[in-house]
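Data first, discussion second: the structure below is written as structure tokens.
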Number of protein chains: 2
Amino acid sequence: MSCDNSERFTRAETDFSNLFARGNDKPHSEKGFKLLNLMLSYLLPAKNGEEPTIQFLLEVVEILTNYVRKTFDRSTKVLDFHHPHQLLEGMEGFNLELSDQPESLEQILVDCRDTLKYGVRTGHPRFFNQLSSGLDIIGLAGEWLTSTANTNMFTYEIAPVFVLMEQLTLKKMREIIGWTNGDGDGLFSPGGAISNMYSVMVARYKYFPEVKTKGMSAAPRLVLFTSEHSHYSIKKAGAVLGFGKENVILLKTDERGRVIPADLEAKIIDAKQKGYVPLFVNATAGTTVYGAFDPINDIADICEKYNLWLHVDGAWGGGLLMSRKHRHKLSGIERANSVTWNPHKMMGVPLQCSAILVREKGILQGCNSMCAGYLFQPDKQYDVTYDTGDKAIQCGRHVDIFKFWLMWKAKGTIGFEQHIDRCLELSEYLYNKIKNREGYEMVFEGQPQHTNVCFWYIPPSLRGMPHGDKRREKLHMVAPKIKAMMMECGTTMVGYQPQGDKVNFFRMVVSNHAVTKSDIDFLIDEIERLGHDL
Amino acid sequence: MSCDNSERFTRAETDFSNLFARGNDKPHSEKGFKLLNLMLSYLLPAKNGEEPTIQFLLEVVEILTNYVRKTFDRSTKVLDFHHPHQLLEGMEGFNLELSDQPESLEQILVDCRDTLKYGVRTGHPRFFNQLSSGLDIIGLAGEWLTSTANTNMFTYEIAPVFVLMEQLTLKKMREIIGWTNGDGDGLFSPGGAISNMYSVMVARYKYFPEVKTKGMSAAPRLVLFTSEHSHYSIKKAGAVLGFGKENVILLKTDERGRVIPADLEAKIIDAKQKGYVPLFVNATAGTTVYGAFDPINDIADICEKYNLWLHVDGAWGGGLLMSRKHRHKLSGIERANSVTWNPHKMMGVPLQCSAILVREKGILQGCNSMCAGYLFQPDKQYDVTYDTGDKAIQCGRHVDIFKFWLMWKAKGTIGFEQHIDRCLELSEYLYNKIKNREGYEMVFEGQPQHTNVCFWYIPPSLRGMPHGDKRREKLHMVAPKIKAMMMECGTTMVGYQPQGDKVNFFRMVVSNHAVTKSDIDFLIDEIERLGHDL
């Protein structure tokens, strides 16, 4: 296999207590240290640093591969919970404080172990707390390589391969969305909130390009529309970009969290009557809590009628486009002007990996370009249209593409499809298991559209209680109490929240490829074990 | 050393051609594949996936450690340049296109090798192209661990250790800035441009908090000030946040790129006379091209007089605060209301690691909070003031702190100081070497303040030519031509750009701890070798 002429590593017993990081070629000037210096070794770029460097990295890899191994082992805890003050006071041998003098690499290795020990295993098959979960081995290898390459996406000059991978992958995503020939543009951005912010910026530039130069005073009072159930980042974008939160108008949803298109139209008409100018509509494909898919086609009809920008926030639900069985839930997405799609959520790619995709080519560049001469020289020897930096609001941009590209190579489109289908099957299994089970109430009727299963667990003490404020108050405290106990025990983690007038309920999601039915069963058993006597 | 009960890995001969990523427990349904399936192995979470997983990761580590080894070896090229169309057409065995079917891990390993092969070694001792360079081994180990932990900074709940590390490190940075008791607030953000954007947002919120709710129409016409030499991200922030580019007023600098304070005051008065409202002044500590430090104290006096927000963009120069010898260049920084400081530049931390630091506690939260119930539940069992997510414009936020914290542990404050001092000594060496050398002209007089050395190389053919348009035209083409040849040869990389009315010149910077005087000598020799006959 390893047919190149590179050396194969061999592990050697290494005394890390005499090994230090500092590769300074100037000996330390303090007395005595010079003598000691002779006995110490240093990492690269120090002279003779190669062997210590390799041995140190292999020791780290040992720690990491053990962590990976245990993460998939269900007898390992999901977390070993400590309060902030406990960790700040210092656990045995683990001191978070920074000091003036260097520590030996022996201590650094201890710090690495402890950092993992007191952390949370987001890849554990019983970690259900976030939309992003799981630990994909190919994705992990991709991140290790990315950090070793340690480069920046802003120019082809210093990231030729990654820039092309991003371009090809974004094109593929646009094809899957259904835009003609996969045309358009896009970027990977640091998370869905920023991707959504891009969509609002680009919409503003499309209709009021002079805002870039003159500011919001060059535009009339613009309003944005998004549902009550949509992600808070749309409202945040309104605040950040100078629209103001109150100009982000929240749309009513049906009992399952989907936008009511008639409410959108009514609010557009209302806004126009008040003299405001409707600009932008966000349709969510997979809401954060309910996993609801807004009816994109109905919304697109309204956007076309009133000439509004249509954005689809598919941060969570975009992954379903990979599934022939489930992609109908996003019907009409090809009519969107922009789409947010986070492979780091439903597709299991390591954090972060979020794409903003835009149907109109050139508009990202127009919106964001500042033509910095020191970075985007027009007189380079290669085709500088491959320099992506001037499209972004960032200057330096982390390489988020490689892990995703590598996973796509290793799984194929078909592998992502199987992953999506399997996660949805598991959530269907959960839904069927609890929908009629004693002690459970579903937050909304009917089978969920995404993997989100929202439910209350009703402890026996509340089961006979008449509905009313007292029961509501008590029920509101059940999920936080169970969650706190779960974390103390370290057995599993699942999210909860209130929503509108509904008191705290559990939101179960599945995006981790390591989850099996037995883990779903475990969660239910655990909720009942911990909640029975509340 | 490895005293825990974890297994030590051993490498085994592995046939990666029969190994696939997909850990699906449902056998593939296509005919024939089922049979074949028996002979294949899969990574975790597949049954029996542990051993293949470890072997695969070790093989990747072999690729990466070989890459690291060669990066520090000066006989290795900095890059193996190819044009976009060449890489897109596919190099032997390296095909960037994504397909429907999975590839074996043998191919995945080839892809990893090729990705590195056609990339740029930003850690190479002769890579001088960017403000971020070098490959710090501890930082690298930190990134490997970070990606293995694969979590998110938004809550203490899922990133307890990292959240506390961030808090302690930011406090330490504020102490070094000189804010009383290290009080204040801060965040690590995805790069200096975003950190600078935060500063403008927070300034706006401080003086016009109603903009958050009502938008820019609730404020008068606000203007921002920054120098002609400052980073383009200030202007970009003006465009993004709805101020408009033309309300970012550029200040004149002296011949060395430092703001002329009198020009700031004149422009403030002028703006007020026009009825605009001055809001914010950016002082750059280490400009991108010249490495100039604006006179912060003089600027702070003016900001106090006119009650303006003072931001210091120390993305590049902030690192000098770690050096007792050089920190005087940032005198007055303790008077700033906010500071951008990118450890990923001068301090050699892997990409990305950028801090926005704010003197007033609570204002980041006030400015950005949206109180999303699904993430920031008030009824958690721990002190939820440790949840940082609502301070950010991002929702999910990558863990950028660990690598930096680990490097600080391993080097100590003193190690960073030595690194900074050494880089500045090297640039002084370069400056002294070329300032009177035949064929060189310095872009500005006197010793540079930072590691930036800006110069023209004048090929013999231009040396006798009278100054004028013809010479300017020819000189403008020299740096791009030499740079293109450097990249074709793969021997070294250094940046160039025009600035104001000055034609293309080289900007040499040193931030890589692997650089020695011999590398500086090499660069000069290489410029002369490649440029001699132009």
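Since we're looking at a predicted model, the values are computed, not measured. Lettering follows sequence order; numbering is per chain, from 1.
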Q: Against chain A, work out which of Val60(B), Leu164(B), Asn152(B) has the most heavy-atom pairs shorter than 4.5 Å and name it.
A: Leu164(B)
(Q) Do the side chains of Lys172(B) and Glu97(A) get close enough for a salt bridge, i.e. N-O under 4.0 angstrom? (A) no
Q) Is the backbone N or O of Phe9(A) less than 3.5 Å from a side-chain atom of Glu62(B), with the two atoms forming a donor-acceptor pair by type? A) yes
Q) Which bit of Thr213(B) is near chain A, if near means a heavy-atom gap under 4.5 Å: side chain, backbone, both or neither? A) both
Q: Counting only heavy atoms closer than 4.5 Å, note whether Leu116(B) contacts chain A via side chain, backbone, both or neither.
A: side chain
Q: Answer yes or no: is there a side-chain heavy-atom contact under 4.5 Å between Thr14(A) and Leu58(A)?
A: no
Q: Determine the option with the most heavy-atom pairs under 4.5 angstrom with chain B, choosing from Asp383(A), Asn368(A), Thr146(A).
A: Asn368(A)
Q: Output the option from Ser147(B), Ala193(B), Gly396(B) having the highest count of non-hydrogen pairs under 4.5 Å with chain A.
A: Ser147(B)
**Q.** Portion of His231(B) that has a non-hydrogen atom of chain A nearer than 4.5 angstrom
**A.** side chain
Q) Who wins among Met370(A), Gln377(A), Met216(A), Gln497(A) for the most heavy-atom pairs under 4.5 Å with chain B? A) Met370(A)
**Q.** Residue selection (most heavy-atom pairs with chain A, distance under 4.5 Å) from Leu222(B), Thr65(B), Asp15(B), Asn342(B)
**A.** Thr65(B)
Q: For Gln381(A), check side-chain contact (heavy atoms from CB on, under 4.5 Å) against everything at least two apart and list the hits.
A: Phe81(B), His83(B), Ala484(B), Met487(B), Glu488(B)
Q) Most heavy-atom pairs under 4.5 angstrom with chain A, which of Val120(B), Thr122(B), Asn150(B), Ile108(B)? A) Asn150(B)
**Q.** Options Lys403(A), Met407(A), Met165(A), His344(A), ranked by heavy-atom pairs under 4.5 Å with chain B, top entry
**A.** Met165(A)
Q: Sort Ala392(B) into side chain, backbone, both or neither according to what part of it lies under 4.5 angstrom from a heavy atom of chain A.
A: backbone
Q. Is there a donor-acceptor contact under 3.5 Å from the side chain of Trp405(A) to the main chain of Leu168(A)?
A. no
Q.
Is Asp100(A) in contact with chain B via its backbone, its side chain, both, or neither, using a 4.5 Å heavy-atom distance?
A. both
**Q.** Which of Arg507(B), Arg397(B), Lys245(B) touches chain A most, by non-hydrogen pairs under 4.5 Å
**A.** Lys245(B)
Q) Is it the backbone or the side chain of Asp136(B) that comes under 4.5 Å from a heavy atom of chain A, or both, or neither? A) neither
**Q.** Which portion of Thr288(A) sits near chain B, non-hydrogen atoms under 4.5 angstrom
**A.** side chain
Q: Could you tell me whether the side chain of Lys483(B) reaches within less than 4.5 Å of the side chain of Glu157(A), counting heavy atoms only?
A: yes
Q: With a 4.5 angstrom heavy-atom cut-off, could you sort out which part of Ile54(A) is near chain B: side chain, backbone, both or neither?
A: side chain
Q. Under a 4.5 Å heavy-atom cutoff, which of Tyr382(B), Tyr374(B), Trp408(B) has the most pairs with chain A?
A. Tyr374(B)
Q | Residue part contacting chain A, namely of Met477(B), when any heavy atom lies under 4.5 Å | A | neither
Q) In Å and rounded to the nearest 0.5 Å, what is the CZ to NZ distance from Phe20(B) to Lys411(A)? A) 13.5 Å
(Q) I'd like to know which of Pro160(A), Gly191(A), Ser217(A) tops the heavy-atom pair count under 4.5 Å against chain B. (A) Pro160(A)
Q. Under a 4.5 Å cut-off applied to non-hydrogen side-chain atoms, are Leu79(A) and Ile158(B) in contact?
A. no
Q.
Tell me whether Gln394(A) contacts the main-chain N or O of Pro190(B) through its side chain, where contact means a donor paired with an acceptor under 3.5 Å.
A. yes
Q) Any side-chain heavy atom of Cys112(B) sitting closer than 4.5 Å to one from Leu406(A)? A) yes
Q) If you count heavy-atom pairs under 4.5 Å with chain B, which of Tyr386(A), Phe56(A), Tyr496(A), Phe243(A) comes out on top? A) Tyr496(A)
Q. Looking at side-chain heavy atoms only, is the closest gap between Tyr232(B) and Leu375(A) below 4.5 Å?
A. yes
